[in-house]
Amino acid sequence: MSSRRSRNFTNEEIKDLVSKLQSLLPQPNQRLNQTLSASMVLNETCTYIKRLQKEADELSERLSQLLDSVDTTSVDVELIRTLLQQ
């Protein structure tokens, strides 16, 4: 059983982390200067990550369809896959 060391964060550290996280989220025009609560930032972060995962899955599926429809050699396909994994 592994032990986990917990770290206590100060309120200022939490505010700073939430602020940094909020700055990474896309912001609609009406929220540019609005400060959200930590729970709202976390909720929006989760929603944003789920949306990005869905977009990545859709793009991956679309790429697979395109690769299947293109007349390429197996070397070309492997090269493309290798480049995409970097």
Side-chain angles (χ1 to χ4, degrees):
M1 185 172 189
S2 66
S3 63
R4 292 177 62 177
R5 297 180 79 182
S6 62
R7 179 183 186 280
N8 293 325
F9 290 91
T10 66
N11 285 338
E12 275 307 307
E13 289 173 317
I14 292 172
K15 287 179 186 178
D16 185 51
L17 290 170
V18 169
S19 177
K20 288 177 182 177
L21 186 58
Q22 184 176 0
S23 72
L24 297 173
L25 297 172
Q27 299 178 0
N29 291 336
Q30 69 268 21
R31 292 192 191 164
L32 287 177
N33 296 321
Q34 179 183 1
T35 302
L36 302 176
S37 69
S39 62
M40 287 193 66
V41 170
L42 292 173
N43 187 28
E44 287 196 18
T45 301
C46 290
T47 301
Y48 183 55
I49 290 171
K50 288 176 187 176
R51 188 170 72 233
L52 290 175
Q53 287 174 329
K54 182 179 177 188
E55 287 177 23
D57 289 344
E58 290 170 354
L59 288 171
S60 178
E61 180 62 32
R62 179 70 179 132
L63 180 60
S64 291
Q65 291 170 354
L66 287 171
L67 289 174
D68 289 342
S69 68
V70 175
D71 185 24
T72 58
T73 66
S74 62
V75 174
D76 292 338
V77 172
E78 286 306 313
L79 176 62
I80 292 169
R81 286 191 176 125
T82 301
L83 291 171
L84 290 173
Q85 291 176 354
Q86 294 180 1

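On a predicted model such as this, the values are computed, not experimentally measured, just so you know. Throughout, residue positions are numbered sequentially from 1 according to the sequence presented. When reading the values below, keep in mind they use all heavy atoms of this one structure, side chains included, and skip hydrogens, waters and symmetry mates.
Arg7 is linked by a salt bridge (charged side-chain N to carboxylate O under 4.0 Å, His left out) to Glu13, counting only residues two or more places apart in sequence or in another chain.
The distance from atom CE of Met40 to atom OG1 of Thr47, rounded to the nearest 0.5 Å, is 10.0 Å. Note that the CG atom of Leu24 and the CD atom of Glu44 stand 12.5 Å from one another [nearest 0.5 Å]. In this structure, CD1 in Ile14 is found 9.0 Å from CG in Asn8, a value given to the nearest 0.5 Å.
Within 6.0 Å of atom CD in Glu12, 12 or fewer heavy atoms from other residues, nucleotides or ligands are found, so the atom counts as exposed in its surroundings.
The nearest pair of heavy atoms linking Tyr48 to Leu25 is CD2-CD2, 3.8 Å.
Under a 3.5 Å cut-off, the side chain of Ser19 and the backbone N or O of Lys15 do not form any donor-acceptor pair. Judged purely by atom type and a 3.5 angstrom limit, Ser60 has no side-chain atom pairing as donor or acceptor with the backbone of Asp57.
Side chains of Leu42 and Val18 form no contact here, defined as non-hydrogen atoms less than 4.5 Å apart.
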